[in-house]
Each structure stands twice: as C-alpha cells, then as structure tokens.
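Atoms within a ligand are numbered from 1 in the order they appear, just like the ligands themselves. Note that these values count all heavy atoms, side chains included, but never hydrogens, waters or copies made by symmetry. The first residue in the sequence is number 1, and the count goes up from there.
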Amino acid sequence: MKFGGTSVADLTRIRHVAEHVAREVREGNEVAVVVSAMAGETNRLVALCREAAPLHDAREYDAVVSSGENVTSGLLAIVLQSMGIEARSWQGWQLAMRTNAAHGAARIDAIDCATLTERLAQGQVAVVAGFQGLSPQNRITTLGRGGSDTTAVALAAALGADRCDIYTDVDGVYTTDPRIVKTARRLPRISHEEMLEMASLGAKVLHVRSVELAMLYDVPLMVRSTFTDPAKAPPGTLITGEDIQMEQEAVTSIAYARDEAQVTLRDVPDAPGVAYRVFGPLSAAHINVDMIVQNISDDGTATDITFTVPEADYDRAMAVIESQREEIRFGKLIGEKDVVKVSVIGVGMRSHAGVAATAFKALGERGINIRAITTSEIKISVLIDSATTELAVRTLHSAYKLDRVPAEG
Ligand code: ASP
Ligand code: MG
C-alpha cells in the first residue's frame, strides 16, 4: 500500500490511513506500506536548501529533502502500534534500498528484503519511507520528485507482492481529465502500456518511472482513493499486463500535454542528409524531438520540416537551428508555443482498422486544424492550437464513445 502526501498531510489523515492498513491486516494480508512526506513538506525542504545556498551539494540536498518521509513513516508506525497492530518503520538505508549515485534523481539497483520478508511473515507491518535510497558510497539518495510511487512498485516487485495499491486523492484513472470532460468515467482496468502512455503524456496520477517498473516486473497496480470509508476496500483502477477484455475497445482514453512547442523550417533544400543537419545538432544539445513532419517537394528542390520539442527547450531549439542556418540553408524559421498535443490511446488499436480516421473526421468537423501527427501501435497524437484543447478533447472523447454509460454485465 502506498500513500501520497495528501493522504498523510496531518495526524488525522495518518490515523485514517492506519484504518485502511488495519483493514488489510484483518483480512489476513501481509502488508508493507510506503509513505510520502506530508503534503507541501518536500517543497518546504527544497526551498530551505536553496535559501541556504543557491548552489549546494547534491548529497546534502538529499539528506535534507529525504527527511519528510522519515517523519511520516515513524508517525504511521506509532499510530498503528497504538491501535494494537505490530508495526515498525524502515528508512531507505535500513532495508537497504540500493541506488546509483545520481543524487536527486537516483535509480534503484537492488533491494535487500530478507529481513523485511521475515518480519512480514511474523505479522509485523512494515512502514517504509518512500523516495529515498542509499548510494554505493553509503550516502542518502532521493529518486526525483514524486518518487515514492517508484519506491512502492520496486518494493512490490522485490517482495513478489500480489498487488501494489497506490492510494491517492483521486479514485482511479479516468478516460480523460474529468475537469475538462464532465462525462469522463473511471476505468475499472487498463493495461500497463496504456497507463505508461497516459503518464508520459501528463496524466499526473502516477510517476512515469513507477509505471515503467510495474510493466517490466509485471506488478499489478491499483490506483484507489484514500478518502473513503476505510472499513471497505475502495474501488479503483486496476493496471495490469494482462489482456484485458475479450471485446477490447479500440480506444480507452484521451490525454493531452500542454508543454509542447512547434518549430518549422521553410524552404529547406530537398537533398540527402538534410534531416541529419537539422536533428543532429538538436540531439547534440540534448533536446528531445517528439513529432516530425517532412513534406516532399513538388519540384524536387525545396521542402518544409516541422517538429516539436518540450516547451522548456523551445528557446534553445530555436537558437540551435538559427546557428545552423549556413549548414541547413533553410528559407525561414517559424516557431509556435501555443500548441498542445492531444492523444488517443488504446491497446485495442492494434486489431482495429480506421481508428485514426475517426479522430481526423471528428476534429475536421469541428474545424480543428491539425499541425502535426504521430502514431504508434497504441497511440495517435495530433498537434493543435492550444485554444482548441478543451473542444478537441471533448470531441474525441465522444467520437470514441468514451462518455457513454459502460455496458457492464
Ligand atoms: N515527497 C516526495 C515529493 O514530494 C516524493 C513523493 O511524494 O512521491 O516529491
Ligand atoms: Mg505523487
């Protein structure tokens, strides 16, 4: 069971969390709990480090920002004990949760769970501090912001857990952002792959790396709400690697990402090697290019190239291309930051024809212009003006009949 910052924001909520844990214990489960720091606490600690010195030792930063989880893991263990449940806290170094030495963004290498497994078998609840680990130099590391999800999945994989339940302030994963589409509904089940696409595209429910890890180690994940009656197991969304339904729908969700920017080069010579002259320098500058559109030229002389980069890299990308003006010999350089990428996701696309056509027809009928398109086996993404985001998401959500009442037997 993993509980995020809002779930452990104060003692009242920690007591509520303890009731969820107690339910699982009563039902005869061996339980390991991973906790985040209290909501806002990690931000506070990060700010303190910056205030202490704008440029600071990353190892000391980790020593400081990892401490919020020490507090919540200890407090939850105390509350559980006060309820008569045997429990103890575990910090990352005590397990040990071994990571590499990339302070502030460490990757987990191995978890030694021998003692933990023994204690669990004796009926002791393990309350593990999320987000933290131990470097090869025996220094405290952290996994990057939001990293407690990753701690939980890694621990579930290492323990061979039946399931990893991520308790949070939403009751599951939705067909799209419910703030935009009122008729969005909670998905009872989706696949790891679909969740990975959604998380990568900005659905904030889960840390992207935790989903990657769950997919790799085939850990079933369940996203469920903390804020329910703890006497009953809350419903949620089960995320698994299995084939989900016999009659798989082609599309399960619509996601959108606002942090995209578009770059277009006009009148680029249509000659071998030109793509490399554009994308080579971008890659050398560590700028991630996502969508790419290149036209063929009518007369075999000049063409246009359009691509997208993360909005945060836009200025750098424009500067890189500008610096290559002589080499690329383009006519005009145009950029646009007010764009959004909307994606249609579903593993069922693999076996359904015409999925993309449905999107293009629906968007066209609404007068929404598509600037660029990319597709993968389980995803179609279109780049559009950000002013049309809401309309596009709603249009696609109903075009794929996601807002109808599910026909559940
Ligand atoms: N407390 C850490 C953060 O805020 C880790 C987490 O909550 O997942 O980033
Ligand atoms: Mg989180």
Side-chain angles (χ1 to χ4, degrees), residues 1-11 13-14 16-17 20 32-51 56 58-77 89-95 97 99-100 102-108 111 126-135 139-158 164-170 173 195-196 198-200 202-214 219 221-227 239:
M1 306 173 80
K2 184 261 171 179
F3 293 90
T6 50
S7 303
V8 295
D10 54 37
L11 267 183
R13 291 193 179 173
I14 291 176
H16 185 81
V17 160
H20 278 294
V33 188
V34 172
V35 287
S36 290
M38 291 181 182
E41 179 63 6
T42 310
N43 286 345
R44 192 182 71 85
L45 296 168
V46 169
L48 278 177
C49 291
R50 293 203 181 123
E51 203 182 318
H56 43 253
R59 294 162 298 190
E60 301 307 346
Y61 166 95
D62 277 351
V64 174
V65 302
S66 63
S67 66
E69 275 74 6
N70 296 346
V71 174
T72 46
S73 56
L75 287 175
L76 180 57
S89 66
W90 296 85
Q91 296 180 6
W93 65 272
Q94 292 169 316
L95 283 175
M97 176 81 62
T99 71
N100 64 9
H103 284 275
R107 298 213 152 238
I108 299 171
I111 310 175
V127 187
V128 177
F131 183 49
Q132 47 177 258
L134 193 63
S135 79
R139 301 294 302 259
I140 306 296
T141 54
T142 62
L143 309 180
R145 299 303 308 273
S148 294
D149 291 343
T150 301
T151 305
V153 174
L155 191 63
C164 179
D165 287 356
I166 309 279
Y167 282 81
T168 180
D169 47 7
V170 294
V173 180
M195 189 63 229
L196 189 57
M198 291 170 79
S200 314
K204 301 263 180 322
V205 214
L206 293 172
H207 202 221
V208 176
R209 267 170 57 202
S210 73
V211 186
E212 280 170 0
L213 210 57
V219 177
L221 288 178
M222 181 110 174
V223 174
R224 48 198 348 183
S225 170
T226 305
F227 305 108
I239 305 161

Peer 1: Measure from atom 1 (N) of ligand 1 to every heavy atom in Q132, E41, E69 and give the option owning the shortest one.
Peer 2: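 Nearest option to atom 1 (N) of ligand 1, by heavy atoms: E69.
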Peer 1: For T142 and D62, indicate whether the former's side chain and the latter's backbone hold a donor-acceptor pair under 3.5 Å.
Peer 2: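 No, the answer is negative, given that no donor and acceptor are paired below the 3.5 Å cut-off.
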Peer 1: Just jot down the ligand 1 atoms closer than 4.0 angstrom to any heavy atom of R145, in number order.
Peer 2: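 Those atoms are 3 (C), 4 (O), 9 (O).
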Peer 1: Could you tell me, atom by atom, which parts of ligand 1 come under 4.0 Å of a heavy atom of S36?
Peer 2: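 Ligand 1 atoms under the 4.0 Å threshold to S36: 6 (C), 7 (O), 8 (O).
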Peer 1: State, yes or no, whether a side-chain contact exists between T151 and K2 at a heavy-atom distance under 4.5 Å.
Peer 2: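 A side-chain contact is absent here, since even the closest heavy-atom pair is not under 4.5 Å.
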Peer 1: With a 4.0 Å cut-off on heavy atoms, does G146 reach ligand 1?
Peer 2: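 Per 4.0 Å heavy-atom rule, G146 contacts ligand 1.
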Peer 1: Would you compute the distance between atom CD1 of I166 and atom CE of M222 and round it to the nearest 0.5 angstrom?
Peer 2: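 Nearest 0.5 Å value for the CD1-CE distance: 11.5 Å.
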Peer 1: How long is the gap from CG on N100 to OG on S135, to the nearest 0.5 Å?
Peer 2: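 Rounded to the nearest 0.5 Å, the CG-OG separation comes to 9.0 Å.
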Peer 1: Mark up the atoms of ligand 1 that fall under 4.0 Å of a heavy atom belonging to T42, in ascending order.
Peer 2: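 The list of qualifying atoms is 1 (N), 2 (C), 3 (C), 4 (O).
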Peer 1: At the 4.0 Å heavy-atom cut-off, does G147 count as touching ligand 1?
Peer 2: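 Yes, G147 has a heavy atom closer than 4.0 Å to ligand 1.
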Peer 1: Can you tell me how far the CE atom of M1 sits from the OG1 atom of T226, to the nearest 0.5 Å?
Peer 2: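 Those atoms lie 8.5 Å apart.
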